[in-house]
Undergrad: 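Structure in structure tokens, see below.
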Amino acid sequence: MRVLGIETSCDETGVAVYDGSRGRLLAHALHSQVALHADYGGVVPELASRDHVRKTLPLVERVLDDAGLVAGDVDGVAYTAGPGLVGALLVGAVVARGLAWGWGVPALAVHHMEGHLLAPLMEPDPPAFPFVALLVSGGHTQLIEVAELGRYRLLGDTRDDAVGEAFDKTAKLLGLGYPGGPALARLAEKGAPDRFTFPRPMTDRPGLDFSFSGLKTHALTTLRGIDAGDEAARAAVAKAFEHAVVETLAIKCRRALVETGLRTLVVAGGVGANRALRARLEALATELGGTVRFPRLEFCTDNGAMIAFAGALRLAGGDAPTAELAVRPRWPIDELTPPAAA
Ligand code: KG4
Ligand code: ZN
């Protein structure tokens, strides 16, 4: 079962082919629109859609070529149907469904966050169900109890900004451009650890929800007292912000593992690429006698491989092809069901 996966939910065009029967990714390619949106300080939806129109089919051709496949070798086409930008999603959906129709193979709508959540399972020695998943991206901050493929219980969610969004907004305050998460993390590496202390929102009360908008405000207030040219102070602010985020996430992950009695933590989404977070959660897993798993760095952020992989698992599990061309800009992950059980 060879599945072509197409991801166009935001500002990356991702395409990949996953071979389900051999458990192997055959090829993948990514086109990032970061440069296209940089001048605007954020993703411009209409520009994103138009660029997906230009890039998706050439990427499909490249990926098939890299995998040594011709059209008739593909057994199914999976595409991200939400959550995400409606126009961007529609481009991927139309291309995927058109290809599937032409090739006479099933087309399958995939949930973007399920793709992220399953991405660590593509790595060698994959974690077994059940586990706790921490999804940390530009649009989501969620803790999920994953019983099996498609059975997800939301344990905690953000009340305001997603953690990636908090990274990006704070990076903007630091003058680091867009998307600022990775740039902020690089600046933080040079920062003195003890110069500033940021709060750890919502850790002093029970529950697994998050709130990150206050950290951005705290950064703004702290930066007001700092000379714009003081590089060491700016790095120390980045360090304190990152540390507060990492500690907050670690505290909630620990709670989620203790409350569910599970010992495997799976981390996915763009912020899962953050090295300080990876190191802190490794330490937490060791302390609890459990394990933590991440996707490789390039599959933390948006990519086509996770969509091809999720599609391959679902088609192999018995999911029926998706009958209608419909995308869902909002789509709660706990509405999903295991394959064939819908
Ligand atoms: O999963 P993703 O590629 O897209 C969404 O589905 O949102 O996540 C992108 C987010 C951005 O907010 C970006 O700044 C953040 O992940 N990010 C990071 C790092 N790499 C990406 N944040 C902190 N540290 C990083 N190393
Ligand atoms: Zn994503």
Side-chain angles (χ1 to χ4, degrees), residues 10-11 32 34-35 37-43 134-143 156-205 208-254 267 269-284 294 297 300-301:
C10 190
D11 59 347
S32 171
V34 163
H37 302 291
D39 286 349
Y40 304 93
V43 177
L134 173 69
L135 296 182
V136 276
S137 72
H140 292 82
T141 309
Q142 296 182 327
L143 275 162
D157 206 344
T158 182
R159 303 256 173 109
D160 40 59
D161 291 353
V163 64
E165 193 180 353
F167 262 98
D168 294 338
K169 287 179 175 171
T170 304
K172 207 175 211 172
L173 296 175
L174 285 159
L176 295 173
Y178 179 85
L184 190 153
R186 278 195 298 278
L187 182 63
E189 278 172 23
K190 295 182 261 171
D194 305 323
R195 183 151 165 195
F196 302 106
T197 306
F198 276 47
R200 279 128 213 223
M202 299 188 59
T203 53
D204 56 354
R205 59 184 108 155
L208 293 167
D209 281 347
F210 303 94
S211 164
F212 289 106
S213 67
L215 282 180
K216 168 195 67 197
T217 314
H218 195 87
L220 182 64
T221 320
T222 312
L223 283 167
R224 281 205 184 112
I226 287 171
D227 189 10
D230 187 344
E231 188 66 13
R234 289 172 65 254
V237 169
K239 182 78 168 186
F241 168 83
E242 182 183 64
H243 188 61
V245 168
V246 165
E247 285 307 311
T248 303
L249 292 173
I251 290 166
K252 300 283 167 132
C253 284
R254 161 193 265 283
V267 183
V271 183
N274 184 277
R275 289 179 194 281
L277 179 66
R278 289 168 91 101
R280 181 65 185 88
L281 295 179
E282 294 276 7
L284 175 70
F294 308 88
L297 288 176
C300 283
T301 43

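When a residue number appears, it is its place in the shown sequence, counting from 1.
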Undergrad: CG/L208 to CD/Q142 distance, rounded to the nearest 0.5 angstrom?
TA: 12.5 Å

Undergrad: Could you walk me through whether F196 and H243 pass the side chain to side chain contact (heavy atoms under 4.5 Å, CB included) test, one step at a time?
TA: CA-CA 10 Å; F196 302 106; H243 188 61; over 6 Å; no

Undergrad: So V237 and L173, side chain to side chain contact (heavy atoms under 4.5 Å, CB included) or not? Walk me through it.
TA: CA-CA 11 Å; V237 169; L173 296 175; over 6 Å; no

Undergrad: List in chain and number order the residues that pass side chain to side chain donor-acceptor pair (under 3.5 Å) with D230, two or more places apart in sequence or in another chain; answer none if no residue qualifies.
TA: none

Undergrad: Please determine whether the number of non-hydrogen atoms from other residues, nucleotides or ligands lying under 6.0 Å from atom CZ of R195 exceeds 12.
TA: yes

Undergrad: Can you measure from OG1 (T221) to CD1 (I226) and round to the nearest 0.5 angstrom?
TA: 11.0 Å

Undergrad: Identify the heavy atoms of S211 and D160 that sit nearest to each other, and give their distance.
TA: OG-OD2, 2.6 Å

Undergrad: Considering all heavy atoms of both residues, which atom of V34 and which atom of P179 are nearest to each other, and what is their separation?
TA: CG1-CD, 3.8 Å

Undergrad: Looking at S137 and G269, what are the two nearest heavy atoms and their distance?
TA: CB-CA, 4.3 Å

Undergrad: Could you grab the distance from atom CD of E242 to atom CG of N274, nearest 0.5 Å is fine?
TA: 4.5 Å

Undergrad: Which atom pair, heavy atoms only, marks the closest approach of A273 to C300?
TA: N-SG, 3.7 Å

Undergrad: Taking D168 for the side chain and G181 for the main chain, is one N or O donor matched with an acceptor at less than 3.5 Å?
TA: yes

Undergrad: Say you draw a straight line from OG1 of T203 to CG of L249; how long is it, rounded to the nearest 0.5 Å?
TA: 11.0 Å

Undergrad: Locate the shortest heavy-atom distance separating V43 from C10; write the atom from each residue and the value.
TA: CG2-SG, 4.1 Å

Undergrad: With the side chain counted from C-beta on, respond yes when R159 and P201 share a heavy-atom pair under 4.5 Å apart, and no when they do not.
TA: no

Undergrad: Output the distance between atom CD (E189) and atom CZ (R275), rounded to the nearest 0.5 Å.
TA: 7.5 Å

Undergrad: Not counting sequence neighbours, list each pair that qualifies as a salt bridge (Lys or Arg N to Asp or Glu O under 4.0 Å) and has a residue in residues 169-187.
TA: D161-K169, E165-K169

Undergrad: Holding to side-chain contact (heavy atoms from CB on, under 4.5 Å), I want the full list of residues that pass it with T170, two or more places apart in sequence or in another chain.
TA: L174, L184, K216, A219, F241

Undergrad: Using atom types as modelled and distance alone, determine if a side-chain donor or acceptor of R234 lies under 3.5 Å from a backbone N or O of G229.
TA: no

Undergrad: Nearest 0.5 Å, what's the CZ-CE distance between F212 and M202?
TA: 10.0 Å

Undergrad: Give the minimum heavy-atom separation between C253 and L143, together with the two atoms involved.
TA: SG-CD2, 4.1 Å

Undergrad: Determine yes or no for a side-chain-to-main-chain donor-acceptor pair under 3.5 angstrom, with K190 supplying the side chain and E231 the backbone.
TA: no

Undergrad: Say whether, by atom type as modelled, one donor and one acceptor occur between the side chain of D209 and the main chain of D157 under 3.5 angstrom.
TA: yes

Undergrad: Taking the side chain as every heavy atom from C-beta outward, state whether V245 and V163 have any pair of such atoms under 4.5 Å apart.
TA: yes

Undergrad: Can you confirm whether D11 sits close enough to S32 that some side-chain heavy atom of one is under 4.5 Å from a side-chain heavy atom of the other?
TA: no

